[in-house]
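The figures here come from the full heavy-atom set of this structure, side chains too, leaving out hydrogens, waters and symmetry mates. Chain letters run A, B, ... following the sequence lines, proteins first and then strands; every chain starts at 1.
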Protein chains: 2
Amino acid sequence: MSRTGRVTINDVARTAGVSVATVSKVINGRYGVAQATNERVQEVIASLGYESSLVARSLRSHRTNVIGILVAEFEPFSTEILKGVSQAVAGTGYELLAYSGGGAGGTDVGWERRSLSRLSGTLIDGAVLVTPTVVEVHDGVPVVAIDPHAGPSGIPTVDSDNLAGAVTATEHLLALGHRRIGFLGGRPDLESSRLREEGFRTAMARAGVPVDPALVRVGGYRRETADRPAHELLELADRPTAVFAANDLMAIATIEAAADLGLAVPRDLSVVGFDDVPEAAATTPPLTTVAQPMQQMGSVAIGMLVELMAGRPVPAAHLRLPTRLVERGTCAPAPVGATAAVR
Amino acid sequence: MSRTGRVTINDVARTAGVSVATVSKVINGRYGVAQATNERVQEVIASLGYESSLVARSLRSHRTNVIGILVAEFEPFSTEILKGVSQAVAGTGYELLAYSGGGAGGTDVGWERRSLSRLSGTLIDGAVLVTPTVVEVHDGVPVVAIDPHAGPSGIPTVDSDNLAGAVTATEHLLALGHRRIGFLGGRPDLESSRLREEGFRTAMARAGVPVDPALVRVGGYRRETADRPAHELLELADRPTAVFAANDLMAIATIEAAADLGLAVPRDLSVVGFDDVPEAAATTPPLTTVAQPMQQMGSVAIGMLVELMAGRPVPAAHLRLPTRLVERGTCAPAPVGATAAVR
DNA sequence: CTGTTAGCGCCTTCAG
DNA sequence: CTGAAGGCGCTAACAG
């Protein structure tokens with residue numbers, strides 16, 4: 001009786017004329033089943049196309065062989081992590097379940113706690129949290145965080161060197177002669193965003209260039225939310241000759257805003273991003289940016305998680321990967337007038 | 001007693017001094033709970049950080065508000081689909097669960113049937129199958145397929161115009177004067193691959209250019225599997241002056257093989273890909289390719305699925321989206337000698 | 001060797 | 001308004 005369409009272990013048992021327990025044994029390869037019975041059940045399973053329900057099985061046995069990747073939404077950054085995770089997990093015998101719980105905006109604080117609660121203890125044996133907003137060690141399953149919003153805390157963490165990366169980006173602009181440099185930040189409540197701004201300010205201070213508060217804006221890390229502040233920055237009477245955006249999506253928004261206002265990149269405006277998502281190379285001109293090894297961050301996190309799930313302690317609780325500047329086409333020397341004026 | 005670490009509805013009930021039924025009612029906003037009780041339970045839920053288990057809930061109620069995206073692995077194509085899906089699902093009230101069941105190689109035929117069986121009826125209310133190898137309408141939940149390997153069948157399908165796209169790509173190379181054009185195919189068992197090869201042959205035939213069988217290879221749609229055939233193609237004594245690869249990953253492998261052999265692209269070799277994944281713009285030089293609207297394919301599929309889940313029939317069962325040529329830097333006119341020789 | 005009996009965590013009657 | 005009982009699909013003892 002497959003009313004719902006889905007064939008259950010009961011259907012198999014009934015069709016094969018045995019009990020569900022026997023079917024379960026056959027499925028799990030337990031000993032204690034007659035050869036003939038085994039074969040008959042196998043046949044029924046094949047003919048009915050039965051596959052055990054992950055849900056029911058996990059509810060009972062508390063083990064699923066599934067690793068959860070919890071993200072707020074699927075955007076360029078999290079999907080790059082996913083690619084790395086996917087490669088790392090191949091061959092380990094684990095399967096992957098990427099869950100997007102938070103609302104689209106990413107404004108839904110605490111999504112990772114809810115998602116983890118909904119899935120852990122039953123559906124997944126361990127989890128990788130991608131840019132979680134809050135990290136508490138409250139749950140039973142092993143967890144590794146990638147680029148947590150609050151910085152490394154109690155749980156194992158993988159991130160990249162945001163501070164050094166931001167310094168590099170800013171120094172690149174300074175070396176090109178820029179002095180009026182705008183900064184388009186992420187969100188003040190996020191650690192990565194804070195560090196990138198700190199790196200910006202550090203490099204400026206080191207060079208002895210004052211930061212004009214009017215040139216520092218908040219872009220929210222998303223293309224749509226960065227559109228307005230990017231326009232504002234470029235419509236300033238005394239507009240910047242260069243902008244360092246705290247991620248690529250906002251850098252892309254900046255390039256679009258420039259085009260919108262008739263400014264040529266990089267002639268009238270230099271732009272540097274952060275992340276080096278694949279989309280960064282597709283802009284016109286291609287974006288100069290600070291690359292984080294996103295796929296590697298994903299695979300490293302899986303490595304740590306697998307150790308944790310095996311009950312082994314991980315050697316390094318906080319792993320910080322290096323960033324590097326990728327020079328493409330959005331940076332040019334500052335117009336001589338601009339540089340001279342400040343001097 | 002939170003032995004496992006996970007807090008269940010029982011913990012909440014015990015702490016609040018009520019029965020689980022009462023807690024359940026509070027959670028689901030049912031009527032029939034005293035104001036004071038309601039508040040107390042809410043407080044306990046908040047303080048304990050309780051969140052109902054997706055697993056247990058779905059097992060019972062057979063409704064989860066979760067849409068499943070089933071993929072073989074997370075690579076550039078499927079993650080682009082994911083991005084589109086993620087945007088389309090925002091605001092619908094559904095949550096997303098992307099499940100990667102098949103082994104890494106993509107050689108695991110039937111992964112989508114198994115994955116679907118494991119998740120449907122319990123964990124997810126509907127599913128989008130990304131490049132499924134076999135499509136049967138065997139299960140209870142609504143399903144939409146994106147780019148099925150066997151071509152449109154019984155279930156609603158979204159794909160792009162592979163044939164026309166391949167013709168366009170080939171004609172582009174022919175227009176540049178190329179005559180010795182190599183074709184790096186996907187896998188013979190896949191419909192998309194078959195259609196792209198057909199498009200290639202059609203365009204060649206139309207131009208009256210014979211196809212040299214030695215120049216047609218199978219690359220398996222993956223970078224690693226395409227490496228060997230790409231090398232073979234370029235090491236031929238009478239090597240092609242251009243290669244049309246059936247997807248971007250293989251085109252990238254071809255560019256790498258060319259660099260490996262000291263061939264300059266596009267001077268010594270023109271290359272065209274298919275898909276236009278973000279990575280295509282990041283090659284040196286950037287890849288000329290046939291773009292499929294991958295994100296749109298994802299969002300369109302979600303649109304159809306949501307209709308289906310609401311019990312409404314979808315107007316168009318098979319939706320085919322257009323492709324277009326994106327000219328970047330990997331194509332140049334054929335060397336005059338080469339063209340003349342054939343004429 | 002095989003069937004029966006308990007639950008896993010949750011939700012839904014149905015009495016109290 | 002609240003508590004006890006049953007069942008979702010499956011597995012793990014324990015009987016037969």
Side-chain angles (χ1 to χ4, degrees), chain A residues 1-41 45 48 50-65 117-125 139-141, chain B residues 1-14 16-41 45 48 50-65 117-125 139-140:
Chain A
M1 211 169 295
S2 54
R3 299 179 299 102
T4 118
R6 173 157 210 296
V7 17
T8 76
I9 197 172
N10 273 298
D11 300 321
V12 175
R14 199 176 311 116
T15 310
V18 298
S19 73
V20 293
T22 304
V23 177
S24 177
K25 279 176 196 157
V26 170
I27 293 168
N28 297 291
R30 299 258 180 284
Y31 292 106
V33 178
Q35 183 66 21
T37 309
N38 194 318
E39 280 170 16
R40 183 153 38 92
V41 172
I45 288 178
L48 258 47
Y50 168 76
E51 196 74 26
S52 77
S53 158
L54 221 206
V55 171
R57 175 195 290 248
S58 72
L59 181 58
R60 190 69 181 87
S61 60
H62 281 205
R63 186 137 209 303
T64 57
N65 255 323
S117 228
R118 285 166 72 75
L119 303 182
S120 83
T122 33
L123 236 202
I124 57 181
D125 294 345
D139 234 284
V141 304
Chain B
M1 213 167 292
S2 54
R3 299 179 302 104
T4 117
R6 175 159 208 294
V7 18
T8 77
I9 199 172
N10 273 297
D11 300 319
V12 176
R14 199 175 311 116
V18 297
S19 73
V20 294
T22 306
V23 177
S24 175
K25 280 176 194 157
V26 171
I27 293 168
N28 297 291
R30 296 258 183 285
Y31 293 105
V33 178
Q35 181 66 22
T37 310
N38 193 319
E39 281 170 15
R40 182 153 39 92
V41 173
I45 288 178
L48 259 47
Y50 168 77
E51 194 74 24
S52 77
S53 159
L54 223 205
V55 171
R57 173 196 291 247
S58 71
L59 185 57
R60 188 69 184 86
S61 61
H62 281 207
R63 185 139 212 298
T64 58
N65 255 324
S117 234
R118 286 165 69 78
L119 303 182
S120 83
T122 35
L123 236 203
I124 57 181
D125 295 345
D139 233 284

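Taking OG from B:S52 and CZ from B:R60, the interatomic distance works out to 14.0 Å, rounded to the nearest 0.5 Å. Note that CD1 of A:I9 is 12.0 Å distant from CG of A:L48, once rounded to the nearest 0.5 Å. Residue B:L54 holds its CG atom at 11.5 Å from CG of B:L59, rounded to the nearest 0.5 Å. Remark: A:L123 CG to A:R118 CZ distance equals 10.5 Å, nearest 0.5 Å. Note that the CD atom of A:E51 and the CD1 atom of A:I27 stand 8.5 Å from one another [nearest 0.5 Å]. From A:T22, atom OG1 reaches atom CZ of A:R40 across 9.5 Å, with rounding to the nearest 0.5 Å.
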Nucleotides 13-16 of chain C: which of its N/O atoms have a protein N/O under 3.5 Å away?
none

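Ranking C:dG9, D:dC10, C:dC11 by closeness to the A:A56 side chain, first place goes to D:dC10.
Counting to the nearest Å, the C1' atom of C:dC10 and the CD1 atom of B:I27 are 9 Å from each other. The interatomic distance linking B:N38 (CG) with D:dC1 (C1') rounds to 12 Å, in whole Å. The nearest whole Å value for the distance from the CG atom in B:L59 to the P atom in D:dG9 is 7 Å. When the C1' atom of C:dG3 is taken as reference, atom CZ of A:R14 falls 16 Å away, rounded to whole Å. A:L54 has its CG atom 17 Å from the P atom of C:dG9, to the nearest Å. Here D:dG9 presents its P atom at 11 Å from CD1 of A:I9, a figure rounded to the nearest Å. Across the protein-nucleic acid pair, A:L119 atom CG and C:dC10 atom P stand 13 Å apart, rounded to whole Å. We find that CZ of A:R40 is positioned 14 Å from P of C:dC1, with the value rounded to whole Å.
Among the protein residues, A:T37 comes within range of the sugar-phosphate backbone only, with heavy atoms under 4.0 Å from sugar or phosphate atoms but none that close to a base. Counting non-hydrogen atoms under 4.0 angstrom, A:Y31 reaches nothing in the nucleic acid. Counting any heavy atom pair closer than 4.0 Å across all strands shown, B:V18 reaches sugar-phosphate atoms only and no base atom. Within 4.0 Å (heavy atoms only), B:R30 reaches sugar-phosphate atoms of the nucleic acid but no base atom.
Between the base of D:dC10 and the side chain of A:R57 there is no donor-acceptor pair shorter than 3.5 Å.
For C:dG3, one of the phosphate oxygens OP1 or OP2 lies less than 4.0 angstrom from a side-chain nitrogen or oxygen of A:S19. Contact annotation: B:T8 reaches the phosphate of C:dC10 (side-chain N/O to OP1 or OP2, under 4.0 Å). Taking only side-chain nitrogens and oxygens, B:T22 comes nearer than 4.0 Å to OP1 or OP2 of D:dG3. The side chain of A:N10 contributes no N or O atom lying less than 4.0 Å from OP1 or OP2 of D:dC10. A sub-4.0 Å separation between OP1 or OP2 of C:dG9 and a side-chain N or O of B:Y50 is absent.
Considering all non-hydrogen atoms of both residues, B:T8 and B:Y50 come closest at C-CE1, 3.5 Å.
Mapped onto DNA chain D by nearest heavy atom, B:S61 and B:V33 fall at different nucleotides, with B:V33 at the one closer to the 5' end.
Side-chain contact check for B:S58 versus B:R63: every heavy-atom pair is 4.5 Å or farther apart.
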